[in-house]
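Numbering starts at 1 and runs along the sequence shown.
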Amino acid sequence: MTITSPHLGSSKAWTDAQLLFALEEVVEKELNRHLKVAKDWMPHEYVPFSDGRNFPGVFEDGEAWAADQSKVTDIGKIALVVNLLTEDNLPSYHHEIASLFGRDGAWGTWVHRWTAEEGRHGIVMRDYLLTSRAVDPDKLEQFRMAHMAEGFESDNRHSMLHSVAYVAFQELATRVSHRNTGHQSGDPVCDRMLARIATDENLHMVFYRNLLGAAFELAPDLTMQAVRDVVVNFRMPGHGMPGFERAAAQMAIGEIYNMRIHHDDVIQPVLRYLKVMSIDGLGPEGMQAQEELGLYMGGLDSEAAKFDEKLAARKARMAARGRA
């Protein structure tokens with residue numbers, strides 16, 4: 001597609017390779033900013049190892065897992081498993097972004113740094129779950145094997161711009177999911193651990209959000225189309241894990257992640273920060289994408305309102321039963 005860039009002052013057909021090269025300086029700037037504000041932390045410092053004890057196996061004195069051994073709430077357990085299994089697919093995520101963004105220069109440095117930071121999340125969450133006996137360790141490993149054996153292919157692997165747009169929203173979605181899981185977990189230790197992870201995810205979101213902003217300046221029409229496509233077709237990366245649909249429904253009712261949260265706390269903040277709906281000077285296809293994005297967001301808000309009503313009615317019914 002041919003677009004007119006307000007900064008280059010000429011018509012330019014952008015390829016992924018050209019965009020990667022054009023954004024390299026922005027990536028380097030954002031990488032340096034990230035490294036200045038990101039704080040290294042130790043996963044073992046967030047895990048209550050003194051609460052741990054052996055499971056049956058090579059240890060003859062091991063104690064079998066039981067559901068009542070953990071203080072974590074039921075919804076907290078469900079969300080923790082979903083969040084951890086999502087993190088477990090890190091090798092596939094690394095392959096996806098390394099293939100798209102490359103392993104050289106600032107792009108490559110970022111890809112490896114991001115992978116290293118994300119790796120800590122899986123380490124600390126698994127150590128916490130096993131030490132606190134929050135979930136059945138056998139089932140957790142069976143789920144991990146099944147999920148990873150399926151592999152992962154991004155819906156946006158066909159386009160560098162679509163991939164940047166997706167992770168700008170997805171990193172914030174992950175941050176929100178971790179933070180709300182901590183709040184609903186019933187365990188202050190879990191809450192602190194997930195707050196630490198959420199801080200990392202927020203920094204990752206800022207990196208990609210700022211990169212997306214730079215893409216809007218270079219190729220506004222293409223970027224607008226990518227944002228529209230990503231928002232309209234958004235799926236969390238863990239959608240292929242065993243039992244995801246049921247777990248997602250429970251997390252929605254438990255107010256960890258649902259349509260209202262998705263609209264208010266994930267999509268809207270990114271669109272608002274980048275002023276996506278007020279970008280002007282777009283060509284016909286960019287204007288169409290912007291209009292369609294606005295219509296979709298209006299529909300999403302309406303659907304979220306319906307969900308809010310159903311959730312409020314459910315809470316009222318449960319409260320009435322509790323008083324009976």
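Note: I78 CD1 to Q184 CD = 11.5 Å, rounded to the nearest 0.5 Å. Between the CZ atom of F234 and the CG atom of N156 there is a distance of 9.5 Å, given to the nearest 0.5 Å. How far CH2 of W65 is from CG of L140: 10.5 Å, rounded to the nearest 0.5 Å. Here the CG atom belonging to L19 is positioned 5.5 Å from the CE atom belonging to M160, to the nearest 0.5 angstrom. Remark: T73 OG1 to D187 CG distance equals 9.5 Å, nearest 0.5 Å. Taking CE from M125 and CG from D127, the interatomic distance works out to 11.5 Å, rounded to the nearest 0.5 Å.
Annotation: M145, atom CE; neighbour count of heavy atoms from other residues, nucleotides and ligands within 6.0 Å does not exceed 12. Residue-environment remark: CG (D61) exceeds the threshold of 12 foreign heavy atoms within 6.0 Å. Within 6.0 Å of CZ in F21 there are 12 or fewer heavy atoms belonging to other residues, nucleotides or ligands. Around the CE atom of M259, the shell of radius 6.0 Å holds more than 12 heavy atoms that belong to other residues, nucleotides or ligands. Within a 6.0 Å radius of CZ in F59, other residues, nucleotides and ligands contribute 12 heavy atoms or fewer.
The shortest side-chain heavy-atom distance between P91 and H95 does not fall under the 4.5 Å cut-off. Put simply, the side chain of R192 reaches to within 4.5 Å of the side chain of P188, judged on heavy atoms. With contacts defined as side-chain heavy-atom distances shorter than 4.5 Å, the pair L161/V227 does not qualify. Two residues are said to be in side-chain contact when any heavy atoms from C-beta on lie closer than 4.5 Å; Q250 and R246 meet this criterion. A heavy-atom distance below 4.5 Å is found between the side chains of Y128 and L80. Two residues are said to be in side-chain contact when any heavy atoms from C-beta on lie closer than 4.5 Å; S163 and I97 fail this criterion.
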Between R144 and E141, does the salt bridge (Lys or Arg N to Asp or Glu O under 4.0 Å) criterion hold? Intermediate values first, please. CA-CA 5 Å; R144 187 191 71 84; E141 178 60 9; 2.8 Å; yes
Between S177 and E201, is a side-chain contact (heavy atoms from CB on, under 4.5 Å) present by the stated rule, with each step listed? CA-CA 10 Å; S177 180; E201 302 290 10; over 6 Å; no
Derivation of the side-chain contact (heavy atoms from CB on, under 4.5 Å) call for H112 and H94: CA-CA 8 Å; H112 296 308; H94 173 84; 3.5 Å; yes
Check against side-chain contact (heavy atoms from CB on, under 4.5 Å), T86 and M236: CA-CA 9 Å; T86 300; M236 290 294 278; over 6 Å; no
Please walk me through it: do Q225 and Q290 pass side-chain contact (heavy atoms from CB on, under 4.5 Å)? CA-CA 8 Å; Q225 292 173 76; Q290 187 181 50; over 6 Å; no
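Q69 and E63 share a side-chain donor-acceptor pair at under 3.5 Å. Side chains of T181 and N83: a donor on one and an acceptor on the other come within 3.5 Å. Counting only N and O atoms by type, the side chains of T174 and Q170 include a donor and acceptor under 3.5 Å apart. For the 3.5 Å distance criterion, the side chains of W114 and E171 qualify, holding a donor opposite an acceptor. In summary, the side chains of E118 and H204 do present a donor paired with an acceptor at a separation below 3.5 Å, with no hydrogens or angles considered. H262 and Q268 share no side-chain donor-acceptor pair at under 3.5 Å. With 3.5 Å as the limit, one finds no donor-acceptor pair spanning the side chains of N233 and Y166. Side-chain contact annotation: D229 with H162, donor-acceptor N/O pair under 3.5 Å present. Of the N and O atoms on the side chains of Y208 and W110, at least one donor lies less than 3.5 Å from an acceptor on the other residue.
Linking ILVMFWY side-chain heavy atoms closer than 4.5 Å, directly or via other members, places V135 and M148 in two distinct hydrophobic clusters. Note: the hydrophobic cluster containing I123 does not contain W41 (ILVMFWY, side chain heavy atoms under 4.5 Å, direct or indirect links). Put simply, V270 and V206 are part of the same group of oily side chains (I, L, V, M, F, W, Y) that touch within less than 4.5 Å, one to the next. Residues F169 and L295 do not share a hydrophobic cluster, defined by chaining ILVMFWY side chains whose heavy atoms lie under 4.5 Å apart. Hydrophobic clustering (side-chain heavy atoms under 4.5 Å, transitive across Ile, Leu, Val, Met, Phe, Trp, Tyr) groups L212 together with V232.
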Can you list, pair by pair, the side-chain donor-acceptor contacts under 3.5 Å of residues 310-320, counting residues two or more places apart and other chains?
residue, atom, partner, partner atom, Å
K315, NZ, E255, OE1, 3.4
K315, NZ, E255, OE2, 2.7

Name each donor-acceptor pair under 3.5 Å that joins a side chain in residues 26-33 to protein atoms two or more places apart or in another chain, with its distance.
residue, atom, partner, partner atom, Å
E30, OE1, R33, NE, 2.8
E30, OE1, R33, NH2, 3.0
E30, OE1, N210, ND2, 3.0
N32, ND2, E28, O, 3.2

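Judged by a 6.0 Å distance limit and a 45° cone about the ring axis, R133 is positioned over the six-membered ring of F55. By the 6.0 Å and 45° rule, R209 stacks over the aromatic ring of Y273.
Remark: of the listed residues H178, H121, R175, H121 is the sole one forming a side-chain hydrogen bond (donor to acceptor under 3.5 Å, both in side chains) with D200. Partner of I261 under the side chain to side chain contact (heavy atoms under 4.5 Å, CB included) criterion, out of N180, I267, I256: N180 alone.
A distance-only check finds a donor-acceptor pair linking the side chain of S278 to the backbone of K275 [under 3.5 Å]. In this structure, the side chain of E292 does not engage the main chain of A289 through any donor-acceptor pair within 3.5 Å. Using a distance-only test at 3.5 Å, with no hydrogens or angles considered, a donor-acceptor pair links the side chain of D221 to the main chain of G286.
L218 approaches W14 most closely through the heavy-atom pair O-NE1, 3.6 Å. When all heavy atoms of A165 and V230 are compared, the pair lying nearest together is CB-CG2, 3.9 Å. M224 approaches F216 most closely through the heavy-atom pair N-CE2, 3.6 Å. Heavy-atom minimum distance, S70 versus S132: CB-O, 3.5 Å. In terms of heavy-atom proximity, R179 sits nearest to A198 at CD-CB, 4.0 Å. Across all non-hydrogen atoms, the minimal contact from A215 to L23 is N-CD2, 4.1 Å.
A salt bridge links D40 with R120; the closest basic N to acidic carboxylate O contact falls under 4.0 Å. Between D88 and R126, at least one side-chain nitrogen of the basic residue sits less than 4.0 Å from a carboxylate oxygen of the acidic one, meeting the salt-bridge criterion.
Under the rule for a side chain to side chain contact (heavy atoms under 4.5 Å, CB included), A149 has no partner lying at least two apart in sequence or in another chain.
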